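Only a predicted model underlies this, so the values are computations on that prediction, with no experimental measurement involved.
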Amino acid sequence: MNPVETTVTTVENAPATANPANGGIAVRSPFARSLVTFLMVAGPGLIVMLADNDAGAVSTYVQAGAQYGTHLLWLLVLLLPITYFIQEMVARLGVATGEGHAAMIYRRFGKWWGRFSLIDLLVVNFLTLVTEFAAISLAFQQMGVSPYLAVPIAAVALTGMTVSGSYRRWERVTIILCLLDITWFAMAYAAYPRGGQLLRNAIVPHFPPGGVTLDLVYLMVAIVGTTIAPWQLFFQQSCVADKRLRFADLKWARLDTLLGACFTIAVGACLMLVGDVAHFHNLPFSDPAQMAQAIMPFAGHAVRTGILLMMVNAAILGTTTISLASSWAYGEVMGWPHSLQKKFSEARGFYSVYATCVGAAAAVVLIPGAPLQTIIISVQVLAGLMLPSAIIFLQLLLNDKELLGDRFVNKPWNNWVNWIIIAILFALSLALAIQVLAPNWFPAS
């Protein structure tokens, strides 16, 4: 039985109406055969990429557009190949080992490093989950719904969505939510009718007017942290393992990841364009939900409602994937059953960790007076600071010939690209540390 519990029988000379005895699908055309195979394999790459456009990403990209217009589009374009290269390594590692990322670190580097990476992941993931429910709270408040009603209902629905004992059911629902991100393209078109310097700002690296400031460095690290987050490494590898992808599936897993990377960067650009409306009209706001209300006279009621609903959609996607990343990682390290293909009675610990993460994060958001937008942006910065160490673990694992063999181990060009990425991320982290410790080194914004 293949990963998604559907058998495809490739019949070269069979009639189109063939009905194989094993109950599979007879496919004659090579193109149709490839398409069906891709559709069976696709999921982990698309989900991990589009779920990365979660509530924190919405806040970060919108704030980037509101503060600097389209001047940071080039950073998103630069992050496209970086995002793909990193997640391709994760998919390759998952296919080659059939195990999750936390299990690999624990087994190859020992208990100390295994626990270190697990604790880091759980802390950042929990704080990120708080940002997801913060977005749900902010969006529903603007729609006139009390967060004390909306947040608990969302938490219960998210738990029910996952605790079903069916990987396929969860994946189908999640992919539908991912595809709703197409809405951002329509909203960007409606909100940003002028062309201007879009192409130049997308392909020519430059700093916005005013140069390098405290706010700019902070926001650039936040963009990196939200575009390539540590939880993605753990999630996609565990997802690939849970789906039971095999060696022959790797090329399709790579295509799945590439398409997801292109889609998520394009959506991020649309979010910047929506935020640029506030920049162009000099509209003050403290969070995307307030911005949706502020730009309504210029972009229309449909855009305002669309932003609020898509904030909720982004938060739901982020919550289910990030909670699963924590649950898979904890289950792997503890040696518990940890699969969406198991019923609750068969994997109580795994599902309990998921439900606990969701419930606790929802409870934090309901604390009166919590600075929700500050929490959202700060968590993205924290993720950006922790990303280099996570990628170093990944780099070391992908150079382990004993673990992967010659077929799946990194090639020399892979290593050059990866170390350059790590160096860039460390440079950004160092810039942020200097900003905090010696703020006079940067001009005030």
At their closest point, which heavy atom of [X] faces which heavy atom of [Y], and how far apart are they?
X: L122; Y: S326; value: CD2-CB, 3.7 Å
X: L250; Y: F408; value: CD2-CE2, 3.5 Å
X: A57; Y: L271; value: O-CD1, 4.4 Å
X: V365; Y: V130; value: CG2-O, 3.3 Å
X: P44; Y: V240; value: CB-CG2, 4.0 Å
X: P284; Y: A294; value: O-CB, 4.5 Å

Donor-acceptor pair between Q236 and Q232 side chains, under 3.5 angstrom: no
Backbone N/O of [Y] and side chain of [X]: donor-acceptor pair under 3.5 Å:
X: D242; Y: S339; result: no
X: S137; Y: F133; result: no
X: N414; Y: K411; result: yes
X: Q67; Y: H279; result: no
X: T321; Y: G318; result: yes
X: T131; Y: T128; result: yes
X: E332; Y: A102; result: yes

Would you compute the distance between atom [atom1] of [X] and atom [atom2] of [Y] and round it to the nearest 0.5 angstrom?
X: Y167; Y: R172; atom1: OH; atom2: CZ; answer: 11.5 Å
X: W170; Y: Q341; atom1: CH2; atom2: CD; answer: 11.5 Å
X: L273; Y: L198; atom1: CG; atom2: CG; answer: 5.5 Å
X: L35; Y: R33; atom1: CG; atom2: CZ; answer: 12.0 Å
X: L397; Y: L93; atom1: CG; atom2: CG; answer: 5.5 Å
X: F207; Y: L72; atom1: CZ; atom2: CG; answer: 9.5 Å

W231 and F235 aromatic ring geometry - parallel, tilted or perpendicular at 30°/60° bounds: perpendicular
Side chain to side chain donor-acceptor pair (under 3.5 Å) with [X]: which residues, sequence neighbours excluded?
X: T97; value: none
X: S117; value: none
X: E88; value: R92, R254
X: N415; value: Q395, N399, N410

D256/V41 under side-chain contact (heavy atoms from CB on, under 4.5 Å): CA gap, chis, key distance, verdict: CA-CA 8 Å; D256 177 38; V41 172; 5.6 Å; no
Check against side-chain contact (heavy atoms from CB on, under 4.5 Å), S323 and L129: CA-CA 8 Å; S323 297; L129 286 175; 3.4 Å; yes
Can you check whether [X] reaches [Y] side chain to side chain, under 4.5 Å on heavy atoms?
X: M161; Y: T174; result: yes
X: D276; Y: Y68; result: no
X: N201; Y: H206; result: yes
X: I86; Y: L394; result: yes
X: I223; Y: M272; result: yes
X: W184; Y: V58; result: yes
X: K243; Y: D249; result: no
X: D181; Y: M310; result: yes

Residues, nucleotides or ligands: over 12 heavy atoms within 6.0 Å of W419 CH2: yes
Y330, OH atom: more than 12 neighbouring heavy atoms under 6.0 Å: no
Candidate pair I105 and F234, rule side-chain contact (heavy atoms from CB on, under 4.5 Å), full reasoning: CA-CA 10 Å; I105 294 176; F234 291 81; 4.2 Å; yes
Sequence neighbours excluded, every pair satisfying ring pair (Phe, Tyr, Trp, His ring centres under 6.0 Å) that has a member inside residues 292-323: H281-F298
Evaluation steps, side-chain contact (heavy atoms from CB on, under 4.5 Å), between L317 and D54: CA-CA 6 Å; L317 276 172; D54 60 353; 6.0 Å; no
Which residues share a side chain to side chain contact (heavy atoms under 4.5 Å, CB included) with T264, sequence neighbours left out: M49, L50, N53
